[in-house]
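What follows is one structure encoded as structure tokens, with my remarks underneath.
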Amino acid sequence: MIPYGKHYLDEDDIESVVKVLREGRLTQGPKVAEFEQAVADYTGATFAVAVSSGTAGLHLACIAAGITSGCHVYTTANTFVASANSILYAGGQPNFCDIDPETLNMSTGYLEEKLQSTRKLDGIIPVHFAGLPCDMVKICEIADSYDAPVIEDAAHAFGATYPEGGRVGNCQYSDMTVFSLHPVKGVTSGEGGVITTNNEKIYRKLLRLRSHGICKGNFDLPGVSVADSDVLYYPDDALYDGKLNPWYYEMQELGFNYRLTDFQSALVLSQLKKAEPFLARRKEIAAMYDELFEGVDSITVKQKHDRYNTSLHLYVLEIDFEKVGRARGQVMRDLFEKNIGTQVHYIPVPFQPYYAKLGFKREDYPVTQSYYNKALSIPIYYGLTDDQVKFVADEIIDIVLA
Ligand SMILES: *Cc1c(COP(=O)(O)O)cnc(C)c1O
């Protein structure tokens with residue numbers, strides 16, 4: 001079976017997990033800090049905070065950005081439900097942008113038009129769809145004019161770069177960037193996520209929120225100065241002889257248990273060493289597909305204009321199913337019969353029953369609707385061979401043009 005996406009594990013990955021299991025530290029330990037430092041180094045951000053999932057990361061990022069009841073936050077209609085759900089978790093009001101038909105990312109023109117009538121913006125969560133970076137310069141400009149925070153949902157974009165230079169995650173254009181470490185994403189820890197930021201106050205808040213809102217004064221954190229937010233409320237109880245009492249901790253705000261474990265961190269640390277070959281192989285596969293689908297009637301390759309900056313999390317086609325006279329469900333089943341897995345990214349979030357009940361209407365997202373009608377994601381992952389790429393493209397062309 002050739003799935004649409006798949007993780008890649010080698011013996012080094014397995015060895016590094018087993019080593020941690022043998023040493024006996026099962027929950028948060030030294031590997032977490034090592035992983036966080038590696039992510040900061042890789043992306044170019046000052047700080048990184050590992051969490052239990054990308055969704056947990058988005059939730060904490062929304063809280064740390066000050067999103068709360070009454071806040072209007074915009075994301076894209078073409079994303080996984082988690083991008084919008086995180087706004088609701090924090091008590092905010094999600095709003096959706098229609099997409100740009102070429103990039104499939106949120107349309108900044110749509111956002112500007114919406115804002116002309118509502119004039120309400122308390123945050124933006126751009127999603128780098130399939131790994132292609134959004135127009136962050138423009139998004140930043142809009143956010144700045146409302147003094148609104150920006151949280152990048154970079155679940156698809158580990159390893160991607162901005163056209164202006166720099167790696168996604170460096171937070172040059174945002175307050176925080178959130179990555180997912182789910183097996184289908186760029187590098188994996190099983191379940192997991194990581195948030196990057198350049199803001200020390202946000203960094204410290206994220207550390208507390210990840211572990212029940214508990215603060216121990218953070219005397220143990222390397223290379224950070226004492227920020228107001230980490231001052232202990234009851235120093236007389238906390239300290240003996242200038243040192244933290246062994247039992248002492250303060251719950252200073254309402255947090256969660258969103259910690260990543262040490263053995264998960266060991267896995268993703270080992271995966272990180274392969275980030276460059278992972279990306280390079282995806283680019284090779286995309287280049288092959290681009291050529292194989294060139295000039296095929298009724299099939300349009302999406303995001304082809306920029307194969308340089310994208311992390312190519314997904315390879316997305318638009319197929320005019322109406323024109324070829326075959327239902328997408330049938331095409332997907334026919335491909336499945338040939339052991340080829342495909343997927344649709346995404347059912348637009350405002351179309352979901354839960355969001356429809358909140359009042360969102362399909363008609364407000366015509367470009368997303370048109371893309372959704374034709375979308376098909378086809379297999380792309382590190383372990384996919386050249387022969388499999390040719391096989392997949394041939395079968396798709398055969399079935400679609402049959
Ligand atoms: C995968 C994904 C998430 C959630 O990540 P998890 O680690 O699965 O919680 C969020 N946003 C987008 C766009 C995703 O694809």
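Source: prediction; values computed, not measured. Atoms within each ligand, like the ligands themselves, are counted from 1 in listed order.
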Using a 4.5 Å cut-off on heavy atoms from C-beta on, say whether the side chain of Gln303 contacts that of Val316. no
Do other residues, nucleotides or ligands put more than 12 heavy atoms under 6.0 Å from the [atom1] atom of [X]?
X      : atom1 : result
Glu337 : CD    : no
Tyr248 : OH    : yes
Glu291 : CD    : no
Glu322 : CD    : no
Glu164 : CD    : yes

Looking only at protein heavy atoms, identify the closest one to [atom] and say how far it is in Å.
atom                    : result
atom 12 (C) of ligand 1 : Ala155 CB, 3.4 Å
atom 11 (N) of ligand 1 : Asp153 OD2, 2.8 Å
atom 4 (C) of ligand 1  : Thr55 OG1, 3.5 Å

Enter the distance from Asn257:CG to Ile214:CD1 here, rounded to the nearest 0.5 Å. 9.5 Å
At the 4.0 Å heavy-atom cut-off, does [X] count as touching ligand 1?
X      : value
Gly193 : no
Ala56  : no
Tyr346 : yes

Option with minimal heavy-atom separation from atom 2 (C) of ligand 1, where the choices are Lys185, His128, His182: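 Nearest option to atom 2 (C) of ligand 1, by heavy atoms: Lys185.
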Parallel, tilted or perpendicular, as decided by the 30° and 60° cut-offs, for the rings of His156 and His313: tilted
Mind checking whether Tyr365 and Tyr110 have parallel, tilted or perpendicular rings, split at 30° and 60°? tilted
Can you name the atoms of ligand 1, numbered from 1 with element, that are less than 4.0 Å from a heavy atom of [X]?
X      : answer
Thr79  : 13 (C)
Gly192 : 7 (O)
Ser83  : 11 (N)

What about [X]: any of its N or O atoms under 3.5 Å from an N or O on ligand 1?
X      : answer
His156 : yes
Val127 : no
Ser180 : yes

